[in-house]
Amino acid sequence: MTEVVSLPLTAWKDTIEAGVQARGIAALEAGNVLAFPDLRFEIDELELDLLAPRVGGKSKNISLSPRGDALKGVEGDEARARQMQAMVGRFADFAETLTRNLLQPYAGSLQRARTSFRPEEIAGRQSSWRKDDTRLHVDNFPSSPTRGKRILRVFANINPQGEPRCWRLGEPFEQLAHRYAKALPKPVWGSATVLNALGITKAPRSAYDHYMLHLHDHMKADQAYQDTAPQSVYEFQAGTTWMVFTDQVSHAATGGRCALEQTFLLPIDAMQDIERAPLRVLERLMERKLA
Ligand code: SIN
Ligand code: FE
């Protein structure tokens, strides 16, 4: 089963003991979540207002470009936007330093993607089943194919009321892939080129992206699977930081508000054990190259 492995880090920029680094990378690649219960992302007193529920209207997800220069989704005046950009940007820098220090073999290959601030309460939120992240799923990006690259995400629960962020964690990727492999439709010849030409994707979808997308959808649409799949519940307390390969680990977020999240992409040849990559797992099952 997927486990949450805790590491005793207390500061974002410290150098990290070799033994702790080795434990971290092994646990992550094996499909576990790495939690840092004592690594709090500090919010400045002046920033607390950014975490308050917005009066009138739903608070949207706010996201920052990989270079930290373009913020999307923020409502309010320019001063508020500047403050938000500073908070989210600070998290992006901290998350990148932590990731590079902890996962040194990845440092030369790690690509910073978007950073997000998630102010809204998850429980009770209305959305289509496909966008409903309270259902177990693995992550992939419908419009930004990764072509096999890993999706590594760092989260911090910055809930100002001290409320936890609640997740469900599912079965190992090998088991999951095995369960659905036969049910996933084959890519239609030429469709990746068409989707890309129409601007629906930012690069042509590989067969890997195609299968990951269908795996995501099959899991979420399968109510019996959601109810009966092997799973456990985990609460990330306020002040906790955690890190996980969300393309590999079956997860669902069921409650909580105010989290920060940093996405990284990682080419699989940077991994210690490339055979653990979802790309390799699917290639073994389907007996062909997928990217
Ligand atoms: C998700 O990646 O499914 C959502 C995680 C979260 O916002 O806690
Ligand atoms: Fe997800």
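Start at 1 with the first residue, then count along the sequence. What you see below is based on every heavy atom in this structure, not just the backbone, and it leaves out hydrogens, waters and symmetry mates. Just so you know, ligand 1 is whichever comes first in the structure, and atom 1 is the first atom listed for that ligand.
- Note on L282: it clusters hydrophobically with L136, by side-chain heavy-atom contacts below 4.5 Å among ILVMFWY residues.
- Between the side chains of R114 and Q262, not a single donor N or O lies within less than 3.5 Å of an accepting N or O.
- Applying the side chain to side chain donor-acceptor pair (under 3.5 Å) test between Q226 and each of Q231, H137, R168 identifies R168 as the sole match.
- Note: F155 and W242 meet the aromatic proximity criterion, with ring centroids under 6.0 Å apart.
- When each of V233, T254, T134 is tested with C166 by the rule side-chain contact (heavy atoms from CB on, under 4.5 Å), just one qualifies, namely T254.
- Listed by chain and number, R118, D133, H137, D139, F155, R165, W167, H251, A253 each place a non-hydrogen atom less than 4.0 angstrom from ligand 1.
- Between Y180 and H218, the ring planes lie perpendicular to each other; the angle is over 60°, past the 30° to 60° tilted range.
- With a 6.0 Å cutoff to the six-membered ring centre and a 45° limit on the axis angle, R150 counts as a cation-pi contact of F245.
- Listed by chain and number, the protein N, O or S atoms at a distance under 2.8 Å from the Fe ion (ligand 2) are H137 NE2, D139 OD1, H251 NE2.
- A salt bridge does not link R276 with E29: every distance from a Lys NZ or Arg NE/NH1/NH2 to an Asp or Glu carboxylate oxygen is 4.0 Å or more.
- Checked for salt-bridge contact, K220 and D132 miss the test: no charged N lies under 4.0 Å from a carboxylate O.
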